[in-house]
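Report on one structure; see the data block that follows.
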Amino acid sequence: MKKQAFGKTERVRKKKNYVTIYQKGVRVHSSNFTVILNPNPSGEKRLGLAVSKKVGNAATRNRIKRLLREFFRLNKDTLPDSKDMVIIAKKDVSSLKYRDVCLELTDLFQKK
């Protein structure tokens with residue numbers, strides 16, 4: 001059975017890493033998300049999240065972040081190798097269900 005955890009090595013944690021990804025990364029857009037992909041030298045897939053206050057209150061933002069982390073955790077093998085990715089949630093994402101998030105992000109990653 002494959003390991004499905006979401007550990008510290010799979011997270012973008014430092015501000016300088018976010019800045020590098022924002023500056024050098026390739027952006028892919030959908031109606032509710034923007035994904036920025038940037039190669040990393042570590043060889044791991046890493047996820048960073050950006051959910052602004054425009055999305056909603058703290059409970060809503062945390063719910064969206066949980067959905068995005070769960071998508072990453074369950075779909076690691078289908079995502080591009082040795083890439084840093086930052087998923088930015090847009091304004092109207094608060095009403096989405098997990099199934100909708102999965103469909104939209106799967107389509108986004110197949111584009112790239």
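Since the structure is predicted, the reported quantities are computational estimates derived from the model, not experimental observations. The first residue in the sequence is number 1, and the count goes up from there.
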Task: Step-by-step side chain to side chain contact (heavy atoms under 4.5 Å, CB included) determination, Val28 to Thr34 - done: CA-CA 6 Å; Val28 184; Thr34 299; over 6 Å; no
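- With hydrogens and angles ignored, the 3.5 Å screen pairs a side-chain donor or acceptor of Lys90 with a backbone N or O of Ser30.
- In this structure, Arg69 CZ and Ile87 CD1 are separated by 11.0 Å, a value rounded to the nearest 0.5 Å.
- Asp84 and Arg46 get closest at one heavy-atom pair: OD1-NE, 2.7 Å.
- Using a 4.5 Å cut-off on side-chain heavy atoms (C-beta onward), Val101 and Lys97 make no contact.
- Considering all non-hydrogen atoms of both residues, Pro80 and Phe109 come closest at CD-CD2, 4.1 Å.
- Interatomic distance, CG of Asn32 versus NZ of Lys91, reported as 13.0 Å (0.5 Å rounding).
- Taking the side chain as every heavy atom from C-beta outward, Val26 and Ile36 never approach each other to under 4.5 Å.
- Residues Leu37 and Leu105 share a hydrophobic cluster, clusters being chains of Ile/Leu/Val/Met/Phe/Trp/Tyr side chains in contact below 4.5 Å.
- Asn75 places a side-chain N or O within donor-acceptor distance of the main-chain N or O of Phe71, the cut-off being under 3.5 Å.
- Of the inter-residue distances, the one linking Met85 atom CE with Leu108 atom CG reads 11.5 Å to the nearest 0.5 angstrom.
- Considering every non-hydrogen atom in both Tyr18 and Gly48, the closest pair reads OH-CA, 3.3 Å.
- For the atom pair CD1 of Ile88 and NE2 of His29, the computed distance is 8.5 Å after rounding to the nearest 0.5 Å.
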- [ ] Any chance you could lay out the side chain to side chain contact (heavy atoms under 4.5 Å, CB included) test for Arg11 and Phe72, step after step, and finish with the verdict?
- [x] CA-CA 11 Å; Arg11 301 172 194 210; Phe72 179 81; over 6 Å; no
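- Closest non-hydrogen pair, Val55 versus Ile64, comes out as CG1-CG1, 4.3 Å.
- A pairwise comparison of heavy atoms in Thr60 and Asn57 identifies OG1-OD1, 2.8 Å as the closest pair.
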Open item on the list: Apply salt bridge (Lys or Arg N to Asp or Glu O under 4.0 Å) to residues Lys76 and Glu10 and explain how you reach the verdict.
Closed with: CA-CA 10 Å; Lys76 279 190 244 185; Glu10 296 175 325; 3.0 Å; yes
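- Rounding to the nearest 0.5 Å places CZ of Arg73 at 10.5 Å from CZ of Phe6.
- Side-chain N or O atoms of Asn40 include one that pairs as donor or acceptor with a backbone N or O of Glu44 at under 3.5 Å.
- For the residue pair Ser82 and Gly43, the shortest heavy atom distance occurs at CB-CA, 3.5 Å.
- Looking at Leu47 and Leu49, their side chains come closer than 4.5 Å, going by heavy atoms from C-beta outward.
- Distance check, rounded to the nearest 0.5 Å: NZ of Lys45 to CG of Leu79 gives 6.0 Å.
- Inter-residue side-chain proximity for Tyr98 and Arg63 is flagged as unmet; no heavy-atom pair is nearer than 4.5 Å.
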